[in-house]
There are 2 protein chains.
Amino acid sequence: MSKHQKEITALKEHLGKHQLKCTRQRELILDAFLKQEHITAEAMYHQLAKKDPHLGLATIYRTLNLFCEAGLAQARHFGTQTQYDNVSHKGHHDHLICTDCGKIVEFENCDIERLQEEVAARNGFTIKTHRLELYGLCSRCRH
Amino acid sequence: MSKHQKEITALKEHLGKHQLKCTRQRELILDAFLKQEHITAEAMYHQLAKKDPHLGLATIYRTLNLFCEAGLAQARHFGTQTQYDNVSHKGHHDHLICTDCGKIVEFENCDIERLQEEVAARNGFTIKTHRLELYGLCSRCRH
DNA sequence: ATTGAAATTGATAAATCGTCTCAAAAAGAA
DNA sequence: TTCTTTTTGAGACGATTTATCAATTTCAAT
Ligand SMILES: [Mn+2]
Ligand SMILES: [Mn+2]
Ligand SMILES: [Zn+2]
Ligand SMILES: [Zn+2]
């Protein structure tokens, strides 16, 4: 029994609900993805080339996007590339960033999350993901 | 005396400190930029084509990146494009973005802003700026 | 005002990243 | 097995931004 049974089941459920098929490539990519905290399509392409030299980059992109739709991954634009975060690896969180020393504090605030939902609903949107980053000075750098 | 004298002076100081030159193109682009809250290089290219049909797109990019280095602008990846925000602009707002059609809705929410301050204070931070982007589907794209 | 080194420009090639196309292959229900 | 639908891989393609480079402009020193 795999350590990641919950995620494997979640994906299979998503596949079933959407008339999608369980392929060797999807299983291979899922297996590799669940071992990561976050990865780019390109990095996964090179990593999996050892196991299957014919696995196409387009398939990696398609499958990582599928994971996003199934709720297993979350895409984040980071610099010029897209990072696919493993949602199961760490819960959702946002960031406080010190612009002076670069210190990063992770936080989670349910009230903010709820207000975000309200704002979205008021504008007819359904939120899939979000990004909240607070930039400023940490206590040490303020003095 | 221009309404944006402070920013014009700030740019000239930056130019002087870095052996950069004050060109007609830089003045033209600065003038247009300071009237905007945020703009893409492409949008500015089309906008300025009326005043100078030979102004190159590369010059727009180079100049907007220069404004970032001079502290007048802030680059923000927004979907596939880069938005250059005018940091001197007073009216802060955040964004709802439809991941399907690209629609962008601007919003302000004082309660979220207040909670952000609380989170920051609890962690010893003083917020200078922040970025909040909500990604999802607009009413039309949700079907 | 003239000169000349250094910076800048515009046109366009190139790089980057991700999606689209489509014929062949695979999945899976019957 | 048969048959329909989905998926795949390879590369073309599109969008955005940066690099290249010869010609032009700036500006400080004559
Ligand atoms: Mn959050
Ligand atoms: Mn805000
Ligand atoms: Zn700090
Ligand atoms: Zn939409």
Side-chain angles (χ1 to χ4, degrees), chain A residues 11-30 32 38-46 48-70 73-85, chain B residues 11-30 32 38-70 73-85 97 99-102 104 135:
Chain A
L11 180 63
K12 294 219 165 142
E13 257 175 45
H14 184 269
L15 295 178
K17 275 185 194 151
H18 295 82
Q19 291 101 42
L20 303 176
K21 294 177 175 176
C22 187
T23 67
R24 186 180 56 76
Q25 289 87 342
R26 282 172 177 167
E27 290 187 326
L28 189 65
I29 294 167
L30 178 63
H38 48 72
I39 195 165
T40 63
E42 193 76 29
M44 178 162 280
Y45 179 62
H46 287 116
L48 289 181
K50 299 159 197 163
K51 293 194 170 181
D52 180 354
H54 294 292
L55 186 58
L57 181 57
T59 300
I60 307 264
Y61 273 108
R62 283 186 292 235
T63 305
L64 288 173
N65 288 335
L66 167 69
F67 293 172
C68 289
E69 277 150 32
Q74 197 168 298
R76 286 195 67 208
H77 294 288
F78 194 78
T80 75
Q81 289 198 126
T82 299
Q83 290 279 341
Y84 290 87
D85 291 2
Chain B
L11 179 62
K12 294 219 166 142
E13 257 175 44
H14 184 270
L15 294 178
K17 275 185 196 152
H18 295 81
Q19 289 102 40
L20 302 176
K21 293 176 177 177
C22 188
T23 66
R24 186 179 57 75
Q25 289 87 343
R26 283 173 177 166
E27 290 188 327
L28 189 65
I29 294 167
L30 178 62
H38 46 70
I39 194 165
T40 64
E42 192 76 29
M44 178 162 280
Y45 179 61
H46 287 116
Q47 185 178 307
L48 289 181
K50 298 159 197 161
K51 292 195 172 183
D52 180 353
H54 294 293
L55 187 59
L57 181 57
T59 299
I60 306 268
Y61 272 108
R62 283 187 291 236
T63 304
L64 289 173
N65 287 335
L66 167 70
F67 292 172
C68 290
E69 278 150 32
Q74 198 169 294
R76 199 156 39 83
H77 284 88
F78 215 76
T80 75
Q81 291 198 124
T82 299
Q83 290 280 342
Y84 290 86
D85 290 4
I97 301 132
T99 53
D100 200 55
C101 70
I104 295 175
Y135 298 93

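Protein chains get the first letters and strands the later ones, always in sequence-line order, with residue 1 at the start of each.
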On a heavy-atom basis, which atom in [X] and which in [Y] lie closest, and how many Å separate them?
| X | Y | result |
| --- | --- | --- |
| H14(B) | E69(B) | NE2-O, 3.7 Å |
| C22(B) | K12(B) | SG-CE, 3.8 Å |
| A41(B) | L64(B) | CA-CD1, 3.8 Å |
| Y45(B) | L57(B) | CE1-N, 3.5 Å |
| L48(B) | A32(B) | CD2-CB, 3.8 Å |
| Y84(A) | A75(A) | CE2-CB, 4.1 Å |

Notebook entry, point to check: Quick one: are H38(A) and R76(A) in side-chain contact, heavy atoms under 4.5 Å?
Noted result: no
Item checked: Test item: T23(B) and T63(B) side chains (from C-beta on) under 4.5 Å apart, heavy atoms -> no
Margin query: Let's go through L55(B) and I29(B) carefully: what are the C-alpha distance in whole Å and the side-chain angles of both, what is the deciding distance for side-chain contact (heavy atoms from CB on, under 4.5 Å) to 0.1 Å, and is it a yes or a no?
Written below: CA-CA 10 Å; L55(B) 187 59; I29(B) 294 167; 4.3 Å; yes
Next item on the list: Sugar-phosphate means primed atoms, P, OP1 and OP2; the rest is base. With that split, encode nucleotides 9-17 of chain D 5' to 3' as B, S or - using protein heavy atoms under 4.0 Å.
Entry: BBB----SB
Margin query: If you take any heavy atom closer than 4.0 Å to DNA chain C, which residues from residues 13-23 of chain B end up in contact?
Written below: Q19(B), L20(B), K21(B), T23(B)
Note to self: Tell me whether R26(B) contacts the main-chain N or O of K21(B) through its side chain, where contact means a donor paired with an acceptor under 3.5 Å.
What the structure shows: yes
Check: How sharply is the helix from dA1(C)-dT30(D) to dA30(C)-dT1(D) bent, taking the axes over five pairs at either end and rounding to 10 degrees?
Finding: 30°
Let me know the distance between [atom1] of [X] and [atom2] of [N], rounded to the nearest Å.
| X | N | atom1 | atom2 | result |
| --- | --- | --- | --- | --- |
| L28(A) | dA26(C) | CG | P | 15 Å |
| L66(B) | dA7(C) | CG | P | 14 Å |
| E69(A) | dT7(D) | CD | P | 11 Å |
| L64(B) | dT9(C) | CG | P | 12 Å |

